[in-house]
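First the structure, in the form of structure tokens, and then the observations on it.
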2 protein chains.
Amino acid sequence: MTDSANRFARAREKQAAALLEDYVELIGDLIAEFGEARVADIAERMGVAQPTATKSIARLKREGLATSRPYRGVFLTDAGAAMADRVRARHRTVVEFLIRIGVPEHVAELDAEGIEHHVSEVTLRRLAGFLRS
Amino acid sequence: MTDSANRFARAREKQAAALLEDYVELIGDLIAEFGEARVADIAERMGVAQPTATKSIARLKREGLATSRPYRGVFLTDAGAAMADRVRARHRTVVEFLIRIGVPEHVAELDAEGIEHHVSEVTLRRLAGFLRS
DNA sequence: CGAAAAGTATAGCACAAGCTATTTATGTAT
DNA sequence: ATACATAAATAGCTTGTGCTATACTTTTCG
């Protein structure tokens, strides 16, 4: 296995986790904002059709991150809520960092959405350290 | 369409382009290094099975980035070569930037592999500016 | 209370990217 | 020159994420 093969394999794994992270964070946001997370709202905010959201939520449930009952809202498990907190904090750090180095806020938000999922713990600490300096 | 829906949609598009970028850059590297890019070498460096590489190369050809003849090597079109140059430069900038803020080189390489595809032109210029300061 | 509207689920399709197993072509060496 | 080894292509499967169309609940309102 070459070094580059390992890099690519790791990037593929991160990518597979990215969608789950986005859904979990969004569900957490909706619950905080409205007290519940409806499938229709999740779909709208994710920018996908409603059945697509339903299918992804099924995957969240399979992975133990969320629960739901038919025709009722979606809820996060403890694991899901912990992931949501972690993801939200990382997202904020990345956005603030980009803004700090001079990226317009609007662009920072766009870029962060893709970048954040590939920022390791080590790099995240460096970004946070930079923000404090 | 909500703002967040747009962010997610854009991130999805970037992701779809990411694999093509990686292949094109790698093919460029192999040609520079060995004078040709063989499917087997591409597969090994990408960390995928050979038929997976063949399939992705078919997509590159469909999108006008590469050419190939059966049982012969893979070559980049002008568009492909231009993309390879652009991607390689961006990759270097992201890695160097991470190293500059204190991320260990090894981690910088790993993280950059995922991050680079989501760095916009605007952000790239900021990163380059930071490196010059 | 019952009908319309809204929300959710299900069915079924497409495509990308991964895999293994197999076939086909090329290149090499006896 | 043929046989063997290597390389590439093809067949066919899986999973994830997207879609539209349709069916089924639930809620709301006259």
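Just so you know, these numbers use all the heavy atoms, side chains as well, and skip hydrogens, waters and symmetry mates.
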Residues within residues 32-41 of chain B bordering DNA chain C, heavy-atom distance below 4.0 Å: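 Per residue number, the list is empty: none.
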
Would you mind reporting whether A/L76 and A/L65 have side-chain heavy atoms less than 4.5 Å apart?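 SC-SC contact between A/L65 and A/L76 ruled out.
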
Heavy-atom side-chain proximity of B/R10 to B/S120 below 4.5 angstrom: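 Side-chain contact under 4.5 Å: yes.
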
State whether [X] and [Y] are salt-bridged, where the test is any N-O pair (Lys NZ or Arg NE/NH1/NH2 against Asp/Glu carboxylate O) under 4.0 Å.
{"X": "B/E96", "Y": "B/R100", "value": "no"}
{"X": "B/E36", "Y": "B/R38", "value": "yes"}
{"X": "B/D111", "Y": "A/K14", "value": "no"}

Please check if atom CG in A/N6 has more than 12 non-hydrogen atoms from other residues, nucleotides or ligands closer than 6.0 Å.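 Above 12, so yes.
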
Neighbour count >12 (heavy atoms, 6.0 Å) for atom CG, B/D3: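 Incorrect, the count does not exceed 12.
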
Compute the angle between the rotation axes at the two ends of the helix from C/dC1-D/dG30 to C/dT30-D/dA1, each taken over five pairs, rounded to 10 degrees.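 About 10° separates the two local helix axes.
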
Just how far is it from atom CZ of A/R92 to atom CD of A/E116, taken to the nearest 0.5 Å?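 Result: 11.5 Å between the selected atoms.
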
Under a plain distance cut-off of 3.5 Å, with no hydrogens placed, do B/K61 and B/T67 share a side-chain donor-acceptor pair?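 Per modelled atom types, B/T67 and B/K61 side chains form no pair under 3.5 Å.
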
Distance-only donor-acceptor check, side chains B/H118 and B/Q15, under 3.5 Å: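 Yes, B/Q15 and B/H118 have a side-chain donor paired with an acceptor closer than 3.5 Å.
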
Applying salt bridge (Lys or Arg N to Asp or Glu O under 4.0 Å) as the test, list every pair that has at least one member in residues 15-28 of chain A; sequence neighbours left out.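 Of all non-adjacent pairs touching residues 15-28 of chain A, those that pass salt bridge (Lys or Arg N to Asp or Glu O under 4.0 Å) are A/E21-A/R90.
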
Kindly write out the residues that satisfy side-chain contact (heavy atoms from CB on, under 4.5 Å) with B/L26, not counting sequence neighbours, or none if the list is empty.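 Residues passing side-chain contact (heavy atoms from CB on, under 4.5 Å) with B/L26: B/L30, B/I42, B/R45, B/M46.
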
Shoot me the first and last contacting nucleotide of DNA chain D against chain A, ordered 5' to 3', at under 4.0 angstrom to non-hydrogen atoms.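 Contact boundaries, 5' end first: D/dG16 to D/dT27.
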
Going 5' to 3' through nucleotides 15-27 of chain C, assign each nucleotide B (protein heavy atom under 4.0 Å from a base atom), S (under 4.0 Å only from sugar-phosphate atoms) or - (no protein heavy atom that close). -SSBBBB--BSSS

